[in-house]
Structure formats: structure tokens, C-alpha cells
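These values consider heavy atoms only, across backbone and side chains, with no hydrogens, waters or symmetry-generated copies. In this text the structure is predicted, and so the values were computed from the model without any measurement.
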Amino acid sequence: MDTERYAKQLAKAAGPVTSLRPPARRAGLWLVLSAIWVAGITWLLGPEIDSEAGSLAFVAFAAALATAVLAANAAFQSVVPGSQRLWAWLPIVTAAAWFAVLAIGSLRDPAGASSAFHFDADCLVPMVLAGLVPTLVIVAMLRRGAPLQPRATLSLAGLAAGALANAALHLVHGGDGYLMALVWHFTAVAAFSLAAAAIAPRFLNWHLVRA
Amino acid sequence: MRQLQDDADLADLMAAAQSGDSAAYKRLLLTIIPVLRQTVRQQNRGLQPSDVEDLVQEALLSIHLVRTTFDASRPFLPWAKTIARNRAIDWARRDTRKRANEAADAPPPETFAAEETNNSDDAPGDPEALQHAIARLPNGQRRAVELLKLREMSLREASEATGTSISALKVACHRGIKALRATLAAGS
């Protein structure tokens, strides 16, 4: 078909559409909804804040939360054509800081090191529960954008949901040692993010976009 | 300065299109066709003219599908060119995979010897009627026809994109084509 004729047909068939909100606002909305869910899970499981935790524990919590916020923003930016690619690097920086804090904590305070490598379902269950709904919601929201880089988008989404769940885990499992947090929490988030990237084309691709 | 003014005009046309102004939308799409041609040629050098047109039409469709992502307060051309480049990159990847993995498709699972199914009249017909007929197909058949016939994906690519087996796609596509022939024949 002639391209000009095709363009006219597209224009004829088009109706009004509602523009998506700016990426930062969408990310903010997702964070609010997810925080409500995570707060509910935390309340159900019973918060267990470690009152003896030092400032380093707070920094680790803050780094996890910052990673979640920046990764969410980057994910929503990535489905808007023409957005700056710089956004994708910011959560990498905070994730690296999070890793560094946990590593420093493991060296300074090796408490619980002997059990750090033992699998603990008490850690995994809250993490999965806390991350499940935020993951589903963010994927549903991202599918309304342009699937320009599916793997990068869902990797950032996985990082956002995983980091948020882990920030909550700091409240539920406040007594976990740094090494355990590094081995299980951080690694789980990294693995989840990579797994999301691997399966991304099934959920974000141009063939699934509907006008 | 002129380029900024042009971009501002295009952004205004797109904003009008988003609120349902089809005349503005038509003007916008016709205006950007040369820009899209230049963009895809720059991204994928050495394209045949027919491939350029296919890619431009793919870019136009993609622009149409994600027009909700355009923010009228931002420039229009970077937004449109990003989409065009993205489709050009996808096309190049598909083309590379096709050349690397090209294998003759097995014949479809059903064949018909009856004369009425071997109609050699291949006149193009009415594209709008075809579009409506495709939209009315059951989901699985519509998807198979869109991917294999309209977007000319290989069976393997379509299977990977949809998670459906190759044999199921073949059957769905064949049934879809059969249903389309019946619908269009009844319409004419």
C-alpha cells in the first residue's frame, strides 16, 4: 500500500486518546500504591526493627529505598520515546552504594556470618509477598508505554519492586546480619531483575500494543 | 529558529490529534513521512526502496499505537525519530535472524483441492473491508494473520513473540485466511 494512503487511513481511524501522565508522576503513583501494599504486609507479619542497629543499617535501608524510587522513575522514563538515557544510570549508582554498604557492614560486623549462607524461608516469604503486587502493578502500568527497550525496562521494574520489598524487609527482619542481607536480599533482587530482563519480550513488545 | 518553529507546529498538530482532530493528525502524518524516510535510511544503510516504505509504514503504525506517550510540552521530532529508529533497529535484527535461520516453511497442514479454494483472482480489493474483516476474526486467528501475513514474521519469530507453538500458529493462520476469504466473498 502507498505510504501516504496508509497515513490517511491511520488518521481516519484514530479517535481521541488520553495522554499518559509524566513518567515521574506515574512512578510516584506506583510508589504510593506499592508502599500501601508493603506497609500492609509489614503490619501483618509484624515489624521487627532492630533498635540496636547502627547508622550503617539506616544507610542500607535508605540506599534500598533510593534504588527503588530511582529504578521506578527510570522504568517509566524508558517507555516514553525521547527520554534521557541518563535516568537508567541513577538506580545503578544507588544499587552499587547499597551493595557497598552491605559489604562494609559484613566486614565490620560479621555477626551471624556462620548462618549467612543457610537458606531461610522466613526471609524469602516476606520478600516475595511484599514484591509480588508491586511487580504486577508496575508491569501493567509500563505496558501502556512504548516498548522501546523491553529488557532494560523490565529489568529496572524488577529492580524497583525488589528493592522496595527489601527496604520493607529491613523492617520485618531487622535483626538479619549484613552478610545475610548481602547474600540473600541483595542477590535475590539482582537475580529478580535479571530474570525480568530475560522474559521481558513476552510482556513488552510492539505486537502487544493496542491503540 | 525555523526548525524550532516547525517542531512547535508539529507538537501542536499532535496535541490536536490526541484530542481527536483527524484533519490535524492527517496533516501531521503526511508532513513527517519524509523525515521518517530519512531517519530509517540513516539508521539502516543500503535499504531497498520497498524496505524503506515498509519501515516507514511500521514507524507510522507505532507512532499511532503509542501516541498517548507524547507530551505536548516537549519537542515532537525527537519523540517521533526515536520510534522510527527503534523500529528500524528491530527490523534489522529480524532481517539478520531471517537470513541466518532461513528455512523453507513446511506446507500448511490442510490443503484443498476444490476449485473454489484455488481462486487465482488476486486483485487487491478494498483495504478497509479487509481491515474490518481481520478485526472480526477470533483473537488467535487475528493475531496469527497479523504476525505472519501483515508483518511477515517467520513462524519461529511469531512463536517466540506470542508463546504459541509453530503448529498452532500455522493452523490458526490457515483458518484465519479461510475465514477472511469467506467474509470478503460474502461482502462482494
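- Side chains of B/Asp71 and A/Val80 form no contact here, defined as non-hydrogen atoms less than 4.5 Å apart.
- The CG atom of A/Leu20 sits 11.5 Å away from atom CZ of B/Arg67, with the distance rounded to the nearest 0.5 Å.
- In terms of heavy atoms, A/Asp2 sits closest to B/Gln57 at C-NE2, 3.9 Å.
- The parts of B/Leu61 that come within reach of chain A are both its backbone and its side chain, each placing non-hydrogen atoms under 4.5 angstrom from that chain.
- Rounded to the nearest 0.5 angstrom, B/Arg74 CZ and A/Ser83 OG are separated by 5.5 Å.
- Of the two parts of A/Ser19, the backbone and the side chain both hold a non-hydrogen atom closer than 4.5 Å to a non-hydrogen atom of chain B.
- A/Leu10 CG to B/Leu65 CG: the interatomic distance, rounded to the nearest 0.5 Å, is 8.5 Å.
- For the options A/Ala13, A/Pro147, A/Ala7, A/Pro23, heavy-atom pairs under 4.5 Å to chain B are most numerous at A/Ala7.
- Across A/His207, A/Lys8, A/Gln9, the residue that shares the most heavy-atom pairs under 4.5 angstrom with chain B is A/His207.
- B/Glu58 has its side chain out of reach of A/Trp206: every pair of non-hydrogen atoms, C-beta onward, lies at least 4.5 Å apart.
- Annotation: side chain of B/Thr69 is not in contact with side chain of A/Val79 (no heavy-atom distance under 4.5 Å).
- Only the backbone of A/Arg144 comes within contact range of chain B, with at least one heavy atom under 4.5 Å from a heavy atom of that chain.
- Looking at A/Arg5 and B/Glu53, no side-chain N of the basic residue comes within less than 4.0 Å of a carboxylate O on the acidic one, giving no salt bridge.
- For A/Phe99, the CZ atom is loosely surrounded, since the number of other residues' heavy atoms within 6.0 Å does not exceed 12.
- Put simply, of B/Ala15, B/Ser19, B/Ala23, B/Pro78, the one with the most heavy-atom pairs under 4.5 Å next to chain A is B/Ser19.
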